[in-house]
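Here is the structure we will look at, set down as C-alpha cells.
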Amino acid sequence: MTIFGLDSAGKTAGVAILQNGRLIYESYLSTGHTHSETLLCLCKHALDCAGMKSADIDVFAAAAGPGSFTGLRIGLAAVKGMAFVHDTPCAAVSTLEALAYTAGMDGTFLCALDARRKEVYWAAFRRTDGIVHRLCEDQSAPAASLASFAAQHSEPIWLMGDGAEIVLDAVGADCGVRLFPEDYRLGRAGGVCRAAFASGQTIPAHALTPEYLRLSQAERERAERLSKQ
C-alpha cells in the first residue's frame, strides 16, 4: 500500500510517501511562506522524486484538524483535487495524533497547537514499542488548565507542536513537562502517513471535512454581538 500524506495544519508544511509501512519520501518546509504558495509545489516534487503519478497512490491522507483554519482548508483542497482524479480513497488524520507518530520514540506526549488567546488545541498519547495509544480526545482549552493533566502523571511528559512552549510557560517545568527537541517538535507529513497506516480507515474524497474544534473568530464575535442584543 502506498500512502501520500500531507500536513498544512500549522506553521509548517510537509508532504510524505509511505510505501508498505516504510517512509520513502518526506519534505518539510518552515520558511514562513503561505501554504497556498508552496503546498502544490511540494506535492508535485514528491511524486516526481519518487517516480510516481497520482494514479500510483492507494490512499491520500491529510491532517484534518485541529489547526489553522486556512491551513486546513488549503491542505484538504489539495488532497481532494489529487484524489478525485482516480477516485482514490482518503484518510482524515488528527493533526495531534500525527504529532505523536512523528516523535519516533516511546514515552508520553502532550501534543498542542497554538489556538491563540493563551489557548491550545491539545491531546495526549502514550507511545509504546512504536504503537501510539490515545489518552484523551482532541480538545480546545486554556493552556494553564493542562497543569491538572500533567499532575496526574509521574512520568515525564514531552510537549510537541507549535503550542508546546505556550503550555510550558503556562504550567511550568515543575509539572513534569519538557519540550521535545526543537528540530522534531513541529508537524511532519510522515506522522500523517503513519497515523493513516495504523488506522486503516478511509473515506471518499468528498467526505473529507476539517475538524476545527471551535468557532472561527468571526463566528465568535458574531455570537458575542448577538448575546448582547
Side-chain angles (χ1 to χ4, degrees), residues 5 7 9-12 14 30 61-69 71-72 91-201 209-217 220:
D7 179 20
K11 297 178 181 178
T12 60
S30 181
S68 159
F69 285 24
L72 292 175
V93 172
S94 161
T95 311
L96 300 170
E97 186 170 347
L99 279 168
Y101 275 98
T102 298
M105 58 176 274
D106 288 352
T108 300
F109 299 89
L110 195 161
C111 303
L113 300 175
D114 184 2
R116 300 186 180 182
R117 296 186 176 185
K118 296 183 179 181
E119 294 190 359
V120 291
Y121 304 114
W122 75 283
F125 305 86
R126 181 172 289 113
R127 180 169 171 145
T128 307
D129 295 330
I131 300 174
V132 173
H133 305 276
R134 179 179 284 275
L135 301 181
C136 64
E137 295 302 311
D138 295 357
Q139 52 198 290
S140 174
S145 68
L146 274 62
S148 60
F149 172 85
Q152 298 171 16
H153 296 78
S154 57
E155 73 275 15
I157 298 174
W158 291 104
L159 298 176
M160 296 191 69
D162 61 29
E165 292 185 70
I166 297 173
V167 174
L168 182 62
D169 289 342
V171 307
D174 292 342
C175 285
V177 296
R178 60 185 66 178
L179 293 175
F180 202 68
E182 184 176 2
D183 289 344
Y184 303 96
R185 191 182 305 154
L186 302 183
R188 292 178 182 267
V192 174
C193 288
R194 294 192 185 283
F197 182 75
S199 167
Q201 298 180 358
T209 56
E211 181 57 68
Y212 295 133
L213 285 189
R214 71 177 192 180
L215 298 176
S216 67
Q217 181 176 345
R220 292 197 304 270

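The chain is numbered in sequence order, starting from 1.
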Check: [X] side chain, [Y] main-chain N or O, donor-acceptor pair, under 3.5 Å:
| X | Y | value |
| --- | --- | --- |
| Arg194 | Ala98 | no |
| Thr108 | Arg126 | no |
| Ser148 | Ser145 | yes |
| Arg185 | Phe180 | yes |
| Thr12 | Gly187 | yes |
| Asp114 | Val120 | no |

Begin with the C-alpha distance, continue with both residues' side-chain angles, and end with the deciding distance and a verdict on side chain to side chain contact (heavy atoms under 4.5 Å, CB included) for Cys136 and Trp122. CA-CA 9 Å; Cys136 64; Trp122 75 283; 3.6 Å; yes
Would a 4.5 Å heavy-atom cut-off, applied to side chains only, mark [X] and [Y] as touching?
| X | Y | value |
| --- | --- | --- |
| Leu99 | Phe109 | no |
| Gln139 | Tyr121 | no |
| Phe69 | Pro210 | no |

What distance do Leu186 atom CG and Met160 atom CE have between them, rounded to the nearest 0.5 Å? 8.5 Å
Leu110 CG to Leu96 CG distance, which is reported to the nearest 0.5 Å: 9.0 Å
Verify side chain to side chain contact (heavy atoms under 4.5 Å, CB included) between Ile157 and Phe149, making sure each step is shown before the conclusion. CA-CA 10 Å; Ile157 298 174; Phe149 172 85; 4.0 Å; yes
Smallest separation among heavy atoms of [X] and [Y], with atom names:
| X | Y | answer |
| --- | --- | --- |
| Leu113 | Pro66 | CD1-O, 3.4 Å |
| Gly172 | Val177 | O-CG2, 3.7 Å |
| Ala100 | Cys111 | N-SG, 3.9 Å |
| Thr95 | Ala63 | OG1-CB, 3.7 Å |
| Arg214 | Glu119 | NH1-OE1, 2.8 Å |
| Leu72 | Ala9 | CD2-CB, 3.5 Å |

Show, in sequence, the C-alpha distance, side-chain angles and deciding distance for Asp7 and Arg188, and conclude whether the side chain to side chain contact (heavy atoms under 4.5 Å, CB included) test is met. CA-CA 6 Å; Asp7 179 20; Arg188 292 178 182 267; 5.8 Å; no
Test side chain to side chain donor-acceptor pair (under 3.5 Å) applied to Asp138 - qualifying residues, sequence neighbours left out: Ser94, Arg134
Counting only heavy atoms not in Glu155, do more than 12 sit closer than 6.0 Å to its CD atom? yes
With sequence neighbours left out, what residues match Glu211 under salt bridge (charged side-chain N to carboxylate O under 4.0 Å, His left out)? none
